[in-house]
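So the structure is just underneath, and the comments pick up after that.
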Amino acid sequence: MNEAGGAHNALAHLVRRHIGGRPGVAGRWRREDVFGPGLLCWAMDRILITGARVLLPDAASAPYQDILVEDGRIAALLPPGAVIENAARHDAAGRLVIPGLVNGHTHGHGGLSKGMGDKWDLALLLTHAPWIGGARGLEEKRLATMLTAVEMLRKGCTAGYDLAFEFPGPTVEGLEAMADAYRAVGLRAVLAPMVADLTFFQATPGLIQALPEEHQARAAGMSMMRGEEVLEAIHHAARGWRGGDVRLGCAPTIPLHCSDDFLEGCRDLAAEHGLPMQTHVAEARYQAGAGEVRYGSTLLAHMDRLGLVNERFSVAHGVWLTEADLALLAERGGGLAHNPGSNMRLASGIAPTRAAIRAGVTVGLGTDGSGSSDNQNMFEAMRLAAFASRLWEGATEEDWLGTAETVRLATEGSAKLLGFEAGAIAPGKLADLVFLDLSHINWAPFNDAANQLVWTEDGSAVREVMVGGAWKLRDGRVLGVDEAKLARDAQEAADRLAGLNAGMRSWCEAIAPHVSCHCRTLGSRFTAARRLLAH
C-alpha cells in the first residue's frame with residue numbers, strides 16, 4: 001500500500017471510531033474528495049438539524065423547526081425537540097436555514113474575467129471577448145469554472161445554469177474539465193456549452209462594412225468551429241456523460257450568431273438527448289433591431305418557427321421581449337432567467353419581469369458571468385431585481401417584486417429552469433441548505449426573514465452550506481478546494497493570459513468606437529418595446 005492510501009485508511013479508521021461506531025447513528029461508507037481523492041469516508045444517511053429558524057416555502061415565515069435529512073433529501077420538518085432514532089444531530093442554534101440559492105444564468109468561464117472593462121454595453125463586451133477569453137487551454141477552463149463555483153458556494157448558491165464557452169467550439173475534454181470543477185466544489189450545475197457557427201461580426205447586420213477599411217478583412221476572417229463539428233462534439237459528450245449533479249445542456253448562444261441550419265441542429269440534438277436549452281434572447285436593443293432586419297420578426301418568434309421554444313427552453317435576459325413574445329413563451333412552457341445586475345451594468349435595460357410572471361412564464365434569477373456582472377452574488381441579484389421592478393414608469397406597488405416573491409424566484413423559480421427538485425425546504429426536496437449566522441450584523445436584530453434576505457444580506461453571513469445532505473462549506477471553509485492555491489493559480493493564469501492576448505486587445509480597442517456607433521444606430525430601429533428609463 002502506498003503512503004497516501006495508508007493515510008486515507010488511518011483517517012477512515014478515526015472517523016469510524018468517533019462517528020461510525022457511535023450507537024444509534026445511521027450511515028454508510030462512500031468515496032469523497034473532501035480529504036483527498038477517493039477517500040473512503042463515513043456519510044450520514046440521516047441527519048437531524050436542530051435549533052434553527054427555518055425559512056418555509058412561502059419564503060416569508062421562519063419559525064423554529066427541526067429538519068430531518070435522509071438520503072440527501074428533506075424527509076420531514078418537525079417541531080423543536082423532536083426525538084429521532086438513528087440520526088446524527090447537528091446543532092444549528094443561532095442560524096437561519098434557507099434553501100440554497102440557484103443561479104439561473106451564469107458563465108463559468110467568466111471566473112478569470114472579473115473587472116474587465118468599464119463603460120461597456122453588450123456590443124462592446126462582445127467586441128472585446130476575443131482578448132478577454134482568448135488563448136485558454138484546458139487548465140484555464142477548469143480554473144475559471146472552479147473560481148465561479150467557489151464564489152457561488154461561499155455566497156449561498158448550491159446550483160447554477162452555466163453557459164460554458166470554448167473557442168472556437170466545445171470539446172469533450174473541456175466540458176469534462178469544467179464539470180469536474182463543479183464536482184470538486186460540490187455544486188449542482190447544468191453545464192450547457194455556449195455555441196454558435198457565426199462570429200459577432202458576421203452575426204450583426206452591416207457591422208463588418210461599418211468598420212474602417214483597414215480592419216474589415218481581419219473581422220471578416222474570424223470564424224467559429226463548423227456547425228457540424230460543434231454538434232458532433234456535444235453529441236459525443238452527451239453519449240458518455242456521467243450525469244449526476246452536473247447535467248449537460250445546450251446553449252446556442254444568441255440566435256443571430258447561429259444559422260438556421262445550426263439552430264435546427266441544436267433543436268434536434270437537445271430532443272435526442274433530453275437536454276435543457278438556454279439562449280440569450282433580446283438581451284440588448286441592437287439585437288432586437290437586428291432580428292427585425294434579418295428575420296422580419298422578433299428573435300423569439302423566429303426561434304419558435306424553427307421549433308426550439310418548448311418546456312426545456314429558457315430565455316436568458318429577455319429585456320426586449322414583447323408582450324406577444326411573453327405570451328408565446330408561456331404557451332410553450334418556457335422560462336426566463338432575469339439578470340438585473342448585468343442588464344444594468346451593460347446598459348441593456350430592465351427586463352419585463354412582472355409582465356412575464358403575469359403571462360405565466362417560469363421566472364428565475366441569475367447573476368450572469370463574472371465577465372459581464374463581475375460577481376456571483378445571488379443576494380445582490382435579488383436586491384437588484386426588487387429595485388429594478390420599482391423603476392417602471394406608472395408602476396404601482398402591485399407591479400413591484402415583493403421580498404418573499406423575489407426569494408422564491410432565486411430559489412424555486414431558478415431550480416425549475418435547471419430541472420432540479422430544489423429551491424424549497426419541504427419534504428421530498430433535495431437537501432440543499434444554506435445556514436446564515438443570525439449574530440452577524442446583517443441580522444442584528446432579526447425582524448423579518450424575507451425582507452432581510454433581500455434588503456440586508458450580502459452573502460457575508462453564510463457560514464455553512466449543505467448540498468444533497470453533505471457539507472460543502474463548514475465553519476466558513478470550502479471543504480473540497482485549497483482556496484489559497486486556487487487564488488495563486490488564478491493570478492498566475494491572469495498574468496499569463498494578459499501577455500498572450502495583448503495584441504488582440506489593442507485591435508479590439510481600435511475598432512470599439514465604430515462597433516458602438518453602428519450598434520446604437522441598429523438598436524434605434526427597434527420600437528416595439530421600451531426598456532430604458534426615459535427623461
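Since the structure is predicted, the reported quantities are computational estimates derived from the model, not experimental observations.
Nearest heavy-atom pair across G413 and T362 is O-CG2, 3.9 Å. When every heavy atom of A196 is checked against every heavy atom of V230, the shortest pair comes out as O-CG2, 4.4 Å. The heavy-atom pair separating D197 from S259 by the smallest distance is OD2-OG, 2.7 Å. Smallest separation of non-hydrogen atoms from P340 and A385: CG-N, 3.6 Å. The shortest non-hydrogen separation linking A493 to L112 is CB-CD2, 4.3 Å. Taking every heavy atom of both residues into account, A512 and T127 meet most closely at CA-CG2, 4.3 Å.
Rounded to the nearest 0.5 angstrom, L101 CG and L365 CG are separated by 9.5 Å. For the atom pair OG1 of T158 and CE of M378, the computed distance is 9.5 Å after rounding to the nearest 0.5 Å. Rounded to the nearest 0.5 angstrom, E283 CD and S348 OG are separated by 4.5 Å. One finds the CG atom of L263 at 4.5 Å from the SG atom of C258 (value rounded to the nearest 0.5 Å). The OH atom of Y161 sits 10.5 Å away from atom CZ of F420, with the distance rounded to the nearest 0.5 Å. To the nearest 0.5 Å, the span separating CD1 on I234 from CZ on R239 amounts to 11.5 Å.
Looking at residues two or more places apart in sequence or on another chain, you find a salt bridge (Lys or Arg N to Asp or Glu O under 4.0 Å) between D432 and R188. Looking at residues two or more places apart in sequence or on another chain, you find no salt bridge (Lys or Arg N to Asp or Glu O under 4.0 Å) involving R247. Applying the side chain to side chain donor-acceptor pair (under 3.5 Å) test to N343 and every residue at least two apart in sequence or in another chain returns H317. Remark: R136 pairs with no residue by the salt bridge (Lys or Arg N to Asp or Glu O under 4.0 Å) rule, at least two apart or across chains. Under the side chain to side chain contact (heavy atoms under 4.5 Å, CB included) criterion, E264 pairs with D261, R267, L306, not counting sequence neighbours. Partners of D58 by side chain to side chain donor-acceptor pair (under 3.5 Å), not counting sequence neighbours, listed by chain and number: S61. Among residues two or more places apart in sequence or in another chain, the side chain to side chain contact (heavy atoms under 4.5 Å, CB included) test is passed with S297 by Y295, A301, H302, R305. Remark: R242 engages E176, D180 in a salt bridge (Lys or Arg N to Asp or Glu O under 4.0 Å) (not counting sequence neighbours). For E292, the side chain to side chain contact (heavy atoms under 4.5 Å, CB included) partners at least two apart in sequence or on another chain are F526. Qualifying side chain to side chain contact (heavy atoms under 4.5 Å, CB included) partners for Q216, counting only residues two or more places apart in sequence or in other chains: I208, L211.
Residues Q376 and T367 have side chains in contact (heavy-atom distance under 4.5 Å, counting atoms from C-beta outward). The shortest distance between side-chain heavy atoms of I357 and L401 falls below 4.5 Å. Between R525 and Y286 the shortest side-chain heavy-atom distance does not fall below 4.5 Å. Looking only at side-chain heavy atoms (C-beta outward), V97 and V434 stay at 4.5 Å or farther from each other. The closest side-chain heavy-atom distance from V102 to L418 is below 4.5 Å. Taking 4.5 Å as the limit, some side-chain heavy atom of L175 sits within range of a side-chain heavy atom of W241.
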Item to complete: Verify side-chain contact (heavy atoms from CB on, under 4.5 Å) between D245 and Y182, making sure each step is shown before the conclusion.
Response: CA-CA 9 Å; D245 289 342; Y182 279 110; over 6 Å; no
Worksheet item: Do I98 and L433 pass the side-chain contact (heavy atoms from CB on, under 4.5 Å) test, and can you show the C-alpha distance, the side-chain angles, and the key distance before you say yes or no?
Response: CA-CA 6 Å; I98 67 170; L433 305 173; over 6 Å; no
Worksheet item: C519 and T204: side-chain contact (heavy atoms from CB on, under 4.5 Å), yes or no, with the steps?
Response: CA-CA 8 Å; C519 288; T204 307; 4.2 Å; yes
Item to complete: Report the C-alpha separation of Q278 and H105 in whole Å, then their side-chain angles, then the decisive distance to 0.1 Å, and conclude whether the side-chain contact (heavy atoms from CB on, under 4.5 Å) test is met.
Response: CA-CA 9 Å; Q278 190 173 98; H105 177 72; 2.6 Å; yes
Item to complete: Kindly indicate, with the supporting measurements, whether the criterion side-chain hydrogen bond (donor to acceptor under 3.5 Å, both in side chains) is fulfilled by H235 and H273.
Response: CA-CA 8 Å; H235 271 298; H273 298 287; 2.9 Å; yes
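Salt bridge status for R354 with E405: present, with a side-chain N to carboxylate O gap under 4.0 Å. The pair R345-D374 meets the salt-bridge criterion, with a side-chain N (NZ, NE, NH1 or NH2) lying under 4.0 Å from an Asp/Glu carboxylate O. One finds a salt bridge joining E229 and R226 here, because a Lys/Arg side-chain nitrogen approaches an Asp/Glu carboxylate oxygen to under 4.0 Å. Between K429 and E421 no salt bridge is recorded (no basic side-chain N to carboxylate O distance below 4.0 Å).
Applying the salt bridge (Lys or Arg N to Asp or Glu O under 4.0 Å) definition to pairs two or more places apart or across chains, those involving residues 141-168 are E139-R142, K141-E166, E151-K155, R154-E483. Within the structure, the salt bridge (Lys or Arg N to Asp or Glu O under 4.0 Å) test picks out the following pairs touching residues 324-342 (sequence neighbours left out): D304-R332.
Taking the six-membered ring where the residue is Trp, the centroids of H257 and H280 are separated by 6.0 Å or more.
Shown here is R218, whose CZ atom has more than 12 heavy atoms of other residues, nucleotides or ligands within 6.0 Å.
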